Amino acid sequence: MEKLQMYVNQTLCLYKYYKLFFLGFLCLLTLFPTSSSNISFDFYALSCPTAEFMVKNTVRSASSMDPTLPGKLLRLLFHDCFVEGCDASILLEGNGTERSDPANKSLGGFSVIESAKRVLEIFCPRTVSCADIIALAARDAVEFAGGPNVQIPTGRRDGKISLASNVRPNIVDTSFSIDQMINIFSAKGLSLDDLVILSGAHTIGSAHCNAFSDRFQVDSKGNVSLIDTSLDREYAAELTKQCPAGANPSITVKNDPQTPQLFDNQYYKDLSAHKGLFQSDSVLFSDGRTRKRVMDFADDQNIFFQGWSQSFVRLADLGIKSGDEGEIRGSCSVTN
Ligand code: HEM
Ligand SMILES: [Ca+2]
Ligand SMILES: [Ca+2]
């Protein structure tokens, strides 16, 4: 009996120690969080409570002066996040940086990020990362253009690496097959659904003629022949008018001709009508794996917006640096 009592006491004692040990372990976990747990909603609530407000205001006032900015800001996030993660590597200037690669030549919106950063450096010096400003500005650009208002976590830190040679292997080209696109997206942890939904970004903004001019040909009499037969003939003829042979390479056409500045589901209606601008858009309707989703989104804008709110957060979350990784730049175009 005495032995049994001793045994019970020992077990209880051990249990107490284990509990203490376990609680201690939990405490340590919160003291040294894993890197990804460091980003959170309203990360700047204490350090810079007006950060999100200041970015939104900058995006709003710049976009009302220049309606081409929302498209540029949204694309900037895509090109940032797919190379080295969402870490503002795209903003670094200099020889051989991502920004200098020809695939990034048509990016824009840099001045909006810089002016938001300038304001933030006055009110909250060295606090808000350029990576967060890009993500917030893209989010605000979509809202400004009439799209859903998405809450995103903040706390991204700025990267120190930016290499032009990293761009081409990570950025999707319009000539890619759907399998190539799926490969790049899934390497980032993004799904087939994310591919269809995020391509919906092409409901705003514009493109240079060389991004789609290999989809058709015009003979000397002005007759249009389709190289990509998934393209609507009349739409192709319209595009050749806007982009005649030998046209100035700086000419751009609207990605979504019906509602070029409105973030809506018109892009998916365009795809269903064989009027996707890039080959990489058209394949989303031609391929049996994605056609159903294109039709869902063409039928119901709410379904697109719901999907967008989730896929956008996933895009803005790619390869985030947090905790003691990276830095908070003082100026977005150079490392500290
Ligand atoms: C999936 C494969 C994709 C391909 C092949 C692609 C390709 C392109 C190309 C070639 C342009 C025209 C650039 C120019 O000539 O100025 C463009 C524009 C644009 N892309 Fe994409 N893109 C893709 C996905 C995305 C994603 C995921 C987003 C954002 C979530 C995005 C957002 C935009 C926006 C907003 C524009 C308009 C930019 C402006 O107005 O300056 N794209 N894209
Ligand atoms: Ca990046
Ligand atoms: Ca639109």
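One-based numbering, in listed order, for ligands and for the atoms of each. Since the model is a prediction, treat every value here as computed from it, not as a measurement.
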Any side-chain heavy atom of Ile134 sitting closer than 4.5 Å to one from Leu91?
yes
Would you check the N or O atoms of His208, main chain and side chain alike, for any that come under 3.5 Å of an N or O of ligand 1?
yes
Nearest to atom 35 (C) of ligand 1, what protein heavy atom do you find, and at what distance?
Gly71 O, 3.1 Å
Taking 4.0 Å as the limit for heavy-atom contacts, which would you say applies to Asn255 with ligand 1: side chain only, backbone only, both, or neither?
side chain
Does Thr68 come within less than 4.0 Å of ligand 1, judged by its heavy atoms?
no
Which one of Asp80, Ile90, Val83, Leu76 satisfies the side-chain contact (heavy atoms from CB on, under 4.5 Å) criterion with Asn104?
Ile90
Which single N/O/S atom of Asp264 lies at minimum distance from the Ca ion (ligand 3)?
OD1
Using a 4.0 Å heavy-atom cut-off, which part of Leu195 comes near ligand 1: side chain, backbone, both, or neither?
side chain
Could you tell me whether the Ca ion (ligand 3) has an N, O or S atom of Leu262 under 3.0 Å away?
yes
Counting backbone and side-chain atoms alike, is an N, O or S atom of Tyr267 positioned under 3.0 Å from the Ca ion (ligand 3)?
no
Would one find an N or O of Ser206, backbone or side chain, under 3.5 Å from an N or O of ligand 1?
yes
Nearest non-hydrogen partners of Cys48 and Leu120, listed with the distance
SG-CD2, 4.1 Å
Closer than 3.0 Å to the Ca ion (ligand 3), do we get an N, O or S atom from Gln258, backbone or side chain?
no
Does an N or O from His202, backbone or side chain, lie closer than 3.5 Å to an N or O of ligand 1?
yes
Indicate whether any N or O donor in one side chain lies under 3.5 Å from an N or O acceptor in the other, for Asp87 and Ser89.
yes
Would you say the ring centroid of Phe176 lies under 6.0 angstrom from that of Phe278?
no
Pick one of side chain, backbone, both or neither for how Ala207 approaches ligand 1, counting any non-hydrogen atom pair under 4.0 Å.
both
To check your reading of the model: name the closest protein heavy atom to atom 41 (O) of ligand 1, its residue, and the distance in Å.
Lys72 CG, 3.4 Å
At the 4.0 Å heavy-atom cut-off, does Gly108 count as touching ligand 1?
no
Would you mind running through ligand 1 and noting each atom that sits below 4.0 Å from a heavy atom of Ala201?
28 (C), 29 (C), 30 (C), 31 (C), 32 (C), 35 (C)
Ser162 near the Ca ion (ligand 2) via N/O/S, less than 3.0 Å
no
With heavy atoms under 4.0 Å as the rule, classify the contact between Phe312 and ligand 1 as side chain, backbone, both or neither.
neither
